[in-house]
Amino acid sequence: MRIAALISGGVDSAVAVHRLVEQGHDLTLFYIRIGLDNGEGDCSAEEDIEMCQAIARRYNLPLEIVSLHEEYWENVMEYALRTVRQGLTPNPDIMCNRMIKFGFFEQRWGHEFDLTATGHYASTVIGDDGLKYLATAADPVKDQTDFLARITYDQLRHLTFPLGDLPKSEVRRIAMEARLPNAYRKDSQGICFLGKINYNDFLRRHLGERPGPIIEIETGKKIGQHKGFWFHTIGQRKGLGLSGGPWYVVRKNVRDNALYVSRGYDTEKQYGNAITLTEPHFITRNPWEGLPCDRVEITFKNRHSPEFIPATLTRLTDSEGIAEGYLVETREPVQGIAPGQFGVIYDKDARICYGSGIITIDPTKHTHKSAHHE
């Protein structure tokens, strides 16, 4: 099988290549190059490319370095900047996967191959209906299905994830046993292609600073000053510069450029049970369509973590019965519900990732309707 393998210079994509080679597939390696937002090259990218070239030589495979620089900055980072300007919390990684890795790359290069492979910790399964579904990885800590929850079915059909059945420790062991040049290389922690760029520095360069008050929400008292609401997200604890904490960001007022905080490890203000999702997106299909039930059991994530939160999903409609999204109600209170983030929907066994919606505020103005209608 002819496979386009996206590699980054990291150990995960290198082991994905190793496994595919062992399985006898015909591989072409691709490195997607993204420069800095000022149009200059990225030093860390040069290191990544050298590592990719070493992997290509090791397995005697062709390596193509392709550029999606303009597409990345015009789509993913414009989305991120637009979202934070509105006082919301974006997830550039989710949009990067949909728009860049499996969007523009597929349109220009990937479609020429039978499949596209990546080092994501995810897997796929074929359902009873014969359709392909995105499934979680064997390693719950490394599972990355939440970052893939906005891809389309056409994209999913063309994807394979060679690491889906492996824990991270086994990936490292394979890399060391195979003596891969990046076997001991640290995992990257950056946002998608931003790499080593500091996210706050990026925001400062594009949005500047705009000092405003930090207000204790219970008393209305000003207790500090921030440099711009866009540097902060709901649920944030560190980086506020306040003494006598812990303090959590619980609300932002964009119009007044004010940040509201609450103190204490278990302050009720940083928790919630009801989460509204708009712009729902089901990757393969809505699995509850046509079922005779008003509410379905699911598991849910509102941030990248190993925990899948048990919840129920209910269809929301406006006063005229027109669909407006979904209501997620969790059994346990959820910390740091940030509007603008993606809420990711899984089946009740946390096995299948069905899709996602964008977290918004105030479910109270809606009426409930069955979740199985689409």
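Heavy atoms only: backbone and side chains are in, while hydrogens, waters and symmetry mates are out.
Hydrophobic clustering places Ile7 together with Ile3 (ILVMFWY residues linked when any side-chain heavy atoms are closer than 4.5 Å, directly or through intermediates).
Closest non-hydrogen pair, Val249 versus Val261, comes out as CA-CG1, 4.2 Å. The minimum heavy-atom distance linking Thr145 with Ala135 is given by the pair CG2-O, 3.3 Å. Nearest heavy-atom pair across Thr219 and Glu216 is OG1-OE1, 3.1 Å. Among all heavy-atom pairs drawn from Gly87 and Val254, the shortest one is CA-CG2, 3.5 Å. When every heavy atom of Val328 is checked against every heavy atom of Ala311, the shortest pair comes out as CG1-CB, 3.7 Å. The two residues Thr89 and Ala338 have their closest heavy-atom pair at OG1-CB, 3.6 Å.
Without hydrogens or angle criteria, His18 side chain to Ala14 main chain gives no donor-acceptor distance under 3.5 Å. Checking side-chain atoms of Asn182 against main-chain N and O of Gly10 turns up a donor-acceptor pair under 3.5 Å. In this structure, Trp247 contributes its side chain and Gly241 its backbone to no donor-acceptor pair below 3.5 Å. For the pair Lys101 (side chain) and Ile32 (backbone), a donor-acceptor distance under 3.5 Å is absent. For Glu170 (side chain) and Pro167 (main-chain N/O), no donor-acceptor pair under 3.5 Å exists by modelled atom type. Judged by distance alone, the side chain of Gln225 and the main-chain N or O of Pro211 form no donor-acceptor pair under 3.5 Å. Of the possible polar contacts, none joining the Thr360 side chain to the Leu277 backbone as a donor-acceptor pair under 3.5 Å is found.
By the neighbour-count criterion of 12 heavy atoms within 6.0 Å, atom CG of Asn60 is sparsely surrounded, having that number or fewer from other residues, nucleotides or ligands. For Lys132, the NZ atom counts as densely surrounded, since its 6.0 Å shell holds more than 12 non-hydrogen atoms of other residues, nucleotides or ligands. Atom CD of Glu332 has 12 or fewer neighbouring heavy atoms from other residues, nucleotides or ligands inside a 6.0 Å radius. Within a 6.0 Å radius of CD in Glu70, no more than 12 heavy atoms belonging to other residues, nucleotides or ligands are found.
Taking the side chain as every heavy atom from C-beta outward, Phe342 and His281 never approach each other to under 4.5 Å. Side-chain atoms of Arg204 and Glu209, non-hydrogen and from C-beta on, do get closer than 4.5 Å to each other.
In terms of the side-chain contact (heavy atoms from CB on, under 4.5 Å) criterion, residue partners of Arg172 (sequence neighbours excluded) are, by chain and number, Val11, Lys168, Met176, Asp187.
The pair Arg33-Glu46 meets the salt-bridge criterion, since a charged nitrogen lies less than 4.0 angstrom from a carboxylate oxygen. With salt bridges taken as basic N to acidic carboxylate O contacts below 4.0 Å, none links Arg19 and Glu22. Using a 4.0 Å cut-off between charged side-chain N and carboxylate O, Asp12 and Lys142 make no salt bridge.
Ring pair Phe282/Tyr326 is perpendicular by interplanar angle, where above 60° counts as perpendicular and below 30° as parallel. Under the 30°/60° scheme for interplanar angles, the aromatic rings of His69 and Trp73 are found to be tilted. Between His120 and Phe102, the angle of the ring planes lies from 30° to 60°, which puts this pair in the tilted group. The aromatic rings of Tyr354 and Tyr133 sit perpendicular to each other, their planes meeting at more than 60°, with 30° as the lower class boundary.
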Decide yes or no on ring pair (Phe, Tyr, Trp, His ring centres under 6.0 Å) for His226 and Phe231, but give the supporting numbers first. CA-CA 8 Å; His226 63 81; Phe231 295 115; 8.7 Å; no
